[in-house]
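All remarks here apply to the structure that follows.
If you're wondering where the values come from, they're calculated on a predicted model, not measured in any experiment.
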Amino acid sequence: MVIKVFLASSSGSTAIKKKQQDVVGFLEALKVDYTQLDIACNEENRMWMRQNVPEEKKPANGIPLPPQIFNEEGYCGDYDTFFDAKEDNSVYAFLGLPPPPGSKEAEQADKAHIVENGNHADENLDDSIEVPEEERNGDAHVEEEQAEEADEEGGEGGEEEEAEEEAADGEAADEETAGDEAPAEAEEEAVEETDEAQAEEEEQEEEDLQSEEEEELRQLEEEEEDLEETQEEEAE
């Protein structure tokens with residue numbers, strides 16, 4: 001299976017160039033075999049890309065912008081869906097490829113498989129056969145009986161000592177919990193501030209990218225008009 005990435009080599013939009021570099025760079029980092037197909041210099045590539053992007057995935061104007069990603073003839077998605085897959089560690093699933101052993105995506109798939117199918121082999125054991133307690137526990141059962149006899153002989157004095165020890169352990173646990181709460185709250189506040197700043201930055205970047213995409217679309221439409229005029233002149 002060959003991954004096809006449709007790009008515009010002569011794009012004047014810095015946003016599109018950045019997206020194309022992001023896709024290509026990440027595929028190379030994963031060592032995924034792919035082929036770059038230029039739509040700026042090859043009209044056949046441009047038409048094939050537009051015809052094979054599903055209608056529901058096209059923008060309102062019906063003209064999809066690069067980069068667009070395919071697995072052979074099957075459509076994978078555009079940059080936005082690629083980015084989401086990268087954030088979710090599911091790029092191989094996005095590309096329709098099996099994740100390599102040892103990768104994060106393979107580990108996630110294994111965990112999901114275990115959760116889905118369960119791991120209840122122990123439940124298949126035959127519990128209908130009763131085994132005497134002495135045989136199941138061996139010497140441990142004898143030791144337990146001896147310990148119980150010793151506790152009974154100890155009387156109320158031993159019970160009081162156990163109660164005091166349990167109370168002391170409970171107080172120590174409460175102190176540790178109280179000590180851990182303050183750093184945890186500070187860490188949560190720091191994470192929230194970081195998330196807010198990142199969200200604002202992403203929102204601003206998205207607005208900039210949208211403006212650049214609109215400009216790129218306008219340039220592509222002008223190129224098409226020029227190409228049509230050239231073809232008409234040649235025909236005359």
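For S103, the side-chain hydrogen bond (donor to acceptor under 3.5 Å, both in side chains) test picks out no residue, with sequence neighbours left out. Every residue was checked against the side-chain hydrogen bond (donor to acceptor under 3.5 Å, both in side chains) condition with N45, not counting sequence neighbours, and none meets it. Here E73 pairs with K4 under the salt bridge (Lys or Arg N to Asp or Glu O under 4.0 Å) rule; sequence neighbours left out. Scanning for side-chain hydrogen bond (donor to acceptor under 3.5 Å, both in side chains) contacts around E107 gives an empty result, with sequence neighbours left out. Take Q21 and apply the side chain to side chain contact (heavy atoms under 4.5 Å, CB included) test, not counting sequence neighbours, and it matches no residue.
With a 4.5 Å cut-off between side-chain heavy atoms of Ile, Leu, Val, Met, Phe, Trp and Tyr, the cluster of M49 takes in F6, L37, I39, W48, V53, F70, Y75.
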- Dump the intermediate steps for side chain to side chain contact (heavy atoms under 4.5 Å, CB included) on I69 and T81, then the final yes or no. CA-CA 10 Å; I69 306 166; T81 51; over 6 Å; no
- Task: Apply side chain to side chain contact (heavy atoms under 4.5 Å, CB included) to R46 and E43, showing your working.
- Result: CA-CA 5 Å; R46 182 199 297 264; E43 183 65 19; 3.4 Å; yes
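There is no path of hydrophobic side-chain contacts, each under 4.5 Å, that joins M47 to I63.
Counting only heavy atoms from C-beta outward, the side chains of I16 and P66 approach each other to under 4.5 Å. Contact of the L27 side chain with the L95 side chain is registered, since non-hydrogen atoms from C-beta on lie closer than 4.5 Å. Taking 4.5 Å as the limit, every side-chain heavy atom of T35 sits out of range of all side-chain heavy atoms of I3. You'll find the side chain of V2 stays beyond 4.5 Å of the side chain of D33, heavy atoms only. Considering only heavy atoms from C-beta on, V24 comes within 4.5 Å of L7 through its side chain.
Atom CD of E105 and atom CG of L97 lie 9.0 Å apart (nearest 0.5 Å). K17 contributes atom NZ, which lies 9.0 Å from atom CD of Q20 (distance to the nearest 0.5 angstrom).
The side-chain hydrogen bond (donor to acceptor under 3.5 Å, both in side chains) pairs that include a residue from residues 7-16 are S9-D38, S11-E216, T14-E212, where partners are two or more places apart or lie in different chains. The side-chain hydrogen bond (donor to acceptor under 3.5 Å, both in side chains) contacts involving residues 49-65 comprise R50-E224, E55-K58, where partners must be two or more places apart or lie in separate chains.
Within 6.0 Å of atom CD in E44, 12 or fewer heavy atoms from other residues, nucleotides or ligands are found, so the atom counts as exposed in its surroundings.
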Please output the side-chain donor-acceptor pairs of residues 85-94 that fall under 3.5 Å, not counting sequence neighbours, one pair per line with the distance.
residue : atom : partner : partner atom : Å
K86     : NZ   : D22     : OD1          : 3.1
K86     : NZ   : D22     : OD2          : 3.3
S90     : OG   : A85     : O            : 3.3

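Residues Y34 and E28 have side chains that bring a donor and an acceptor to within less than 3.5 angstrom of each other.
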